[in-house]
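Presented below is the structure to which this report refers.
The figures that follow rest on heavy atoms only: side chains count, while hydrogens, waters and symmetry mates do not. Order of the sequence lines fixes the chain letters, A, B, ..., with proteins taken first and strands second; residue numbering starts at 1 for each chain.
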Amino acid sequence: MSSSDATGQRVRRRRLLGVIQADGDGYNLVQEGDGMSLEPAAASEGGARGESPTASVNEERAAIGPRELLADREGPIGEAPVHGAGVFDFRYGPFAGGFPEAGVFHLSTYGERILSCRIDSSYKHRGIEASMAGCLPDEGLRWAEAVCGNFAFAHSLAYCRAVEGALGIEVTGTDRRLRLIGLEMERIYNHLLVIARLAQAAAQKVLDAHLSALFEEALRLNRLFAGSRLLAGVNRIGGVSPMIAAGGAWAQRGPADGRAADTRPPDGPRALERLAGGVEVLRTRFERLYETSLSNRNYLDRLHLIGVAGAERALATGLTGPSLRAASDPTDLRNAEELLPGFAPITKAEGDSLARMEVRAEEILQSCDIVRSQIASLLEGGSTGSGAGASDRGLPSPAAGAREGRSEVRAKALQAKALRAAEGGSGIGAAESPSGTIAWWVDLSEGRIRRAYASTPSLFGFRAFAEVIASHIFTDFPFALESFGLSFADAAR
Amino acid sequence: MTRSMRSESSDERRGSDPSKPRGKSPTRRPPIWWPLFGLGRQLTERRHGYARAGSLKAIDSLFRRSLFVYPIDVGNSNALNIELAALRTPQYNVHRFGIFFTDTPRHADLLLVLGRPTPKSSLPLAETIDQLPHPFGILHLYEPFPPATHLDEVELPNLVGTVEGTPSAEEILGFLLATKGGPGGRWSASADSSPREAPESNAERKGERK
Amino acid sequence: MIWVVGAFALFCLGALVARWRIAAYAFASAGSLAAAAAGLSGLAAPAQALQMPFVGRLWIGIGLDRLSGTFLLISSVVWLMLSLSSIRSGGRQRVVTAVAYNVAIAGMVIVLTALDAVTLLVGWEIMTIFVFLALFERSRSERPPILFLAFGELSTLLLVLAFALRFALYHTISLRASDGGVAFFALASLGMIVKMDIVPFHAWMRRAYEQLPGNLAGVASVGVTLAGVYGLERVASIGGASGWWPLLLLLLGAASAFWGALQAAGSDGLRLLPAYSTVESNGLILSAVALSLIAAQEGGSQLAYLASFAAAAALTLAIAHALAKTLLFLSIGEAGDALGTDTLRETKSVWTNVGPVPALGIAIGGLSLAAFPPLIGYVGEWMLLETTFQAYRFTAFAARFITSFAGVLIALAIGLTAFAMVKLIGYTVLGRERRLLPKPATSSWLSAPQISLAGLILLCGVGIPALLPLFGFGRLFSGLLGVPKPLLLVSGIPLFGVLSPTLFAAIMIVLSAIPILSWLARRRRIRAVDAWNGGIEINQAESFTSPAYTQILASILKNVYRTREHREGSARSVETTDFVADLTRPIRRAVDSLAGATSRLFMNGRIAAYVLYIVIILVIAFVVAAV
C-alpha cells in the first residue's frame, strides 16, 4: 500500500473510494494503508480545497481519486464531447453487438480517431443501494450479490465483512480459508474470460477457443466447489454457507435453486481434493497456452502500447486491481491477508493493455497456487494460518459433524447480532475482486440496514478507460476496453 | 426455476430411458453416412438430453434447422451474460445444433431478453422488438433478484417462454433447443446427464488421474 | 456560316438587353441553338470561311471545319442547357453577370471558329476577361479574381509567344496551315493546358468556382476547358507534335488526373469537389489527346487505328465531362442555393429537401464521372484505359514505359474519382437529414435542362455507336460473336478489346426487370423501420459526416495531403491541403504585388477596369508589333 516517493521517504497513500451523503453531511470513504475509514469530507479534502493554511500537510492528507465522478455516480462518465467540422458522436450501444452488456459509449470522432469518450452506464442502474434500506442484513446479502453476477463472490464477501464489522462477528479460520478459495476461483474465471475476449478481438481463434474452454472448465470447478457456477449464495454473514463448509453438499441445495437433486452423500474432503486436482490441470493447461501466446507477435502487437494508464493517471482516476498493478503499483488487499503469508502481488511496469493482460495471466497461475495451498491447509486440518485462532479446526467432518461444529459458532454470532442490533452500528468491508477493490459500507440500526454504499472498481475503470481511449483509433477500442475487465452492472449498481 | 416448468417433477424427467449408444462399440469407425444416420435417429441430442423444457413452445417449424439468436441485456446482473458467454465455448458447440448468435435484430429469429428491464432500457427494448423480422420469437430469462417492478409494464409479443432463475449454459441450450422446435426440443430430458455429471469435466478427470 | 454570325449576334444582343435578365438568357438560348446549327453545318459541309484582309498579306476571319464543328456542337449543348436554366434562376443575378455570361460565350464562339491567331487571341481574351469581371463582381476578396486573371494572361502570354515565334519562322498566322515546329507546339500547347486547369496550373480554380454563380461556374469549368481542348487539338493539327513533348503532355495529363481525383476525394466543399473533378477530367482528356499524338507520330496501320481510337477517347471524354459537369454544377448550384450551404457535410437529403430533379442530377452526373456503366463517362474511361493497355504496340521504350506509368496513374485517378463521387452522392442525395426543411416550390418544365442533360448522359453512353460516327469515327465499330455490326466498339487492330454499352444496357434492363417487378408487386407488404443503431433512433449529432468518410484516406496518405489536425479548446478538425497548388505561389505573389502597385498608381476605384485597360493595351501593342 505504501510506496516511496522521490526522496525515498515512505508515504502512506490515501485513496478516495467513495463520497457518501448521510444525514446532510458529506463523508468520504478513504483507504489508507490496509485500513478503510469513513471521515468527514473536509478532513480528506483540505489541501485540494485550499481551506487550510497548512496546505502542504493537507496535500499529503488529501485523498487521491476522481472526486467529481464520485459526487455524481449516476451521471455520464468521461470527458465532454468534442465539437468541430465533421466531428460527430459515434454512439456504441446500448445494445451493441460486440459488448454483452447494455450501456452506451459516446465516442466523438471525425473518422478513425477517437477524440473523446463519454460513457453512459445508466441502462444498468437498478438502484440497489437505495433498495437495501430497511432490509434485514441477510436480505441485503442477496442484493449485494445481485450488483454484479461475475463479481458476486467479492461483493458478497465485502458486504459480509462490513456487516460482520458492524456487528462484531468473528469468522472462523476455516470459513476464512473457504472464502479465500472462493475469491481466487472467481478471479480465475474472470481473468480467463478477459484474456479470451482479448484473443477473440485479435482474431486469435485457436487461442480464444482454448481459453474459452478453460473458462467453462473454471465455471464447472466453481460448481464443484460451491454448487453455483458463478459462486452465488456462498457467503453468509458470519461465515460461509454451511453446505459448502461441509463440502460437496452443494448438491443438496438443488431443488430449492432449480437444480436437480443429488442423492450422493456429502463428500467434503473428496470434493476439495477433486477441486485441487482440477485447478492443477487448469493451471498446467493455461500456463502452456499463455507461454505459447507470448510468442505470437500478431497478438501482442494489438495490445502493446494500447490504452496506457501509467501510475499517476491510474491513481488519479481511482483505478485499482490488475489495472493498477500493471502500472507498477503493488496495491492489493491480499497483501494484508493473514492467511496468505508471503503473498507477493504481480506487477508490470508499462500500464498498457498488454501489461494488464500479463498481470491477469500471471494472477491466474498465482490464484491456482493459492487455491491449492489453501485446500492443502484445510485438508491437513492444521492451523497454518497465523492468527487464525483456536476456532480454526480445519475442515469439519462431513455430514453431521459439520452441523455440530458450526452450530456453536452460529449461536455465538447470533448472540452478538442480537446484542448489537439494539444500538446498531456501521462497518466497512472490502474484498479484492478480479478487477479491483470492492468496498461496502453498511449502516445498521435496530437490526435492519439503514444505509449502504458500495464502491465498485468498474466505475473507476470506466473513468480510466474513457481517458486512455482518446487519441486511439477505433480498431484499438476492444483491446483497451476488454483489458480493464469492466462491467456496467458493477459500475451502475 | 421456470414458472411453467415447476410442475414438471424430476421423476417424470427420469422416466424415459437414458438412451445408450445403440449397439455399436464406440471405437468402431462410423460409416460414411453417419451424419444422415445421426440426424435420422437424432443421436446427438438424445445422448445428452439438454432439453428439459418440454413446456417451452417452438417458434415456428421454419426454424427447426437453424435458429439465429440475438441476445440483449436489459438489466441483468451480468450472471446471464456470463452464462451466455459460457454457452459459446467449445464444450457446447452450439453451431452443431444450428444455433447461431447474431449482432443485430435484423438477422434474428429469436430475441433472447436477459434480465428484468430497467426503466431506461424499456424503450430500446421496444425498438429492438420492432426491428425483428417476422416471424420471430422472444425468450425472456431473468433472475429472481432484484425483484424490480418494471417487469409487468413491458409486454413482450410472441413470447415463447419465460424463465426465472440463473440457468446454466447447459440449461440455456436446452431452452434454445426447445424453442427451435423440431427433434431437439421434443424430447424431455433423459436422466443420463444429471447435473452431478456435468462438473466432471476433462480438467477434473485428468486431475484425478494424477 | 450564317449560323455562326447569327449565334455571335444573338449573344451580343443578349448582352445588350441584360437589364432584362430573362430576355438576355432567352437570347443566349437562341444563340446556343444557332451555334448548334453552325456546328452541324460544319460537320456536314466542312471548309466554310468568312475572311477579310488584315495587314500586309495577312487575312483574318472565321470559318468552319470538322474540328470546329465538333466542338461548337458539344459546346452549344452546354450553353443551351446553362442558358435555359439561367432563365429560371438568373432573375436574382446582377446585370453584370448576365452581360459577362453572354459576352464570354460570344468570345468562345470566336475561339472555336477562328481562322487565324489574331482572331483566336481576341476571342481568348474576351472569354477570360468577362469571366473575370463576373467573378470580380461576386467575390468578397480581390485575390481569387486576380488570380484567375493572372493564369488567364499567363495562357495568353504563352500563346502570343508561340504565334509570334511561328510568324517569325514561317510568316503565317493561319490556323489552317500545317507548319508548326516543336517550339511552337510546346509553347502553344502549354498555353492551352494552362486554360484547362492542368496541374500545377489549377491554383486559381479552388476559390473561383466556389464564388461563381452556377451558370458561370459551368461556363468556366466546361466552356473554357472545352475551348482549351479545342485549342490543343487545333494546335496539334498545325504540327510540331513530335519528339518528347507529347510524352510530357501525357505525363502532365495523367498526373493532373491523379492529383485532381485525390483532391476531389479529400475535399468537403460542395463546389470544390466538382471543381477538382474538372481537373481530373481535363487530365484524362489531355492524356487521351497526348496518346493519340504519340500513336500518330510512330506510324503503321495498327498505330494509326490506335491514334484514331485515342482521339475518339478524347472526344468521348470531352463530351462526358461537358454533359456531366454541367449537370453537376446546375444541380449542386440549385441544391446549395436552396439549402444555403456550401459544404457536403451540411448538404443532405437533397431529394426530400430540394427536389427529386437536382438529386437525380447529382446522382447521374456523379455516376457518369465515376465511370458507372453504361453512362458516357464509363465509355470514355474504358477507351482511355484500353489505349494505355496497348502501350506494347509502341516501338520506343520511352513511349511504352511512360504510357504504362500514365496508365497506372489514370487507373488510380478513376478509382479515387469513384471514391469522391460516392461521397458526393452518398451525402447529398442519400444522406438523411433528420430535420426537414420547407420544400421549395418547383415546376417541372423549369427543370427541363437538368432532365435532358441526365437523359443525354445515358443516351450518349448507350448510343455511342450512333454518336461517334457523327464525328467521323465510324470505323471503330464492328460486330462479333453474335453482336450485330455497328454495336461493338473495338479498341485495337488486331483485336484487343471490345465493348458494347448498348448491349450491356439491354442486358441490365432485362436482368433488373425481374427484381424491380417483384419489388413493385410486394411493395405494400414491406414493413419499413428506422436504421438500427443499438436500439435508439439516430439523432442529428450522431450522423456520419463526410470528413469522417475521407478521414481514413487523409490519415493513410497524410504525407500527400499534408493532413493537419487542429485543436482549439474542445473543438477539433482536420484539414488537408493541396501543396501542388502552392507550388505556383511565386506567380500569385507576383500578381499580388502587381495588383497592389496598379492600385497605388491609380490611387482609386475599380481595379477591374484598370486591369481591363492594361490588357487591351497589351493586345493592341502586340498587334502593332506584328505589323
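Of the two parts of A:F215, only the side chain, counted from C-beta on, holds a non-hydrogen atom closer than 4.5 Å to a non-hydrogen atom of chain B. Looking at A:L193, only its side chain comes within 4.5 Å of chain B, counting heavy atoms on both sides. Only the side chain of B:Y70 comes within contact range of chain A, with heavy atoms under 4.5 Å apart. Heavy atoms closer than 4.5 Å to chain A are found nowhere in B:T102, neither backbone nor side chain.
Here the side chains of B:E83 and A:L230 are in contact, with some heavy-atom distance below 4.5 Å. Residues A:R229 and B:I82 form no side-chain contact, since every pair of their non-hydrogen atoms from C-beta on lies 4.5 Å or further apart. Put simply, the side chain of B:S77 does not reach to within 4.5 Å of the side chain of A:C148, judged on heavy atoms.
Listed here is the closest heavy atom pair of B:D73 and A:E101: OD2-CA, 3.3 Å. The minimum heavy-atom distance between A:G149 and B:N78, with the atom names listed, is N-CB, 3.9 Å. Of all heavy-atom pairs spanning A:H125 and B:T118, the tightest one is O-CG2, 3.8 Å. Between A:S212 and B:T89, the shortest heavy-atom contact is O-CG2, 3.2 Å.
Your options are A:G127, A:A102, A:A213, and the one with the most heavy-atom pairs under 4.5 Å with chain B is A:A213. In terms of heavy-atom pairs under 4.5 Å with chain A, the best-connected choice from B:P124, B:A169, B:S121 is B:P124. Here A:F95 is the residue among A:F151, A:Y189, A:F95, A:F488 with the most heavy-atom pairs under 4.5 Å with chain B.
Separating the CZ atom in A:R223 from the CD atom in B:E170 is a distance of 6.0 Å, to the nearest 0.5 Å.
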Check against side chain to side chain contact (heavy atoms under 4.5 Å, CB included), A:E217 and B:Q91: CA-CA 9 Å; A:E217 295 295 342; B:Q91 278 94 332; 3.2 Å; yes

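Between the side chain of B:K120 and the backbone N or O of A:K124 there is no donor-acceptor pair closer than 3.5 Å.
Sparse packing is recorded around CG of B:L123, with 12 or fewer heavy atoms of other residues, nucleotides or ligands lying under 6.0 Å away.
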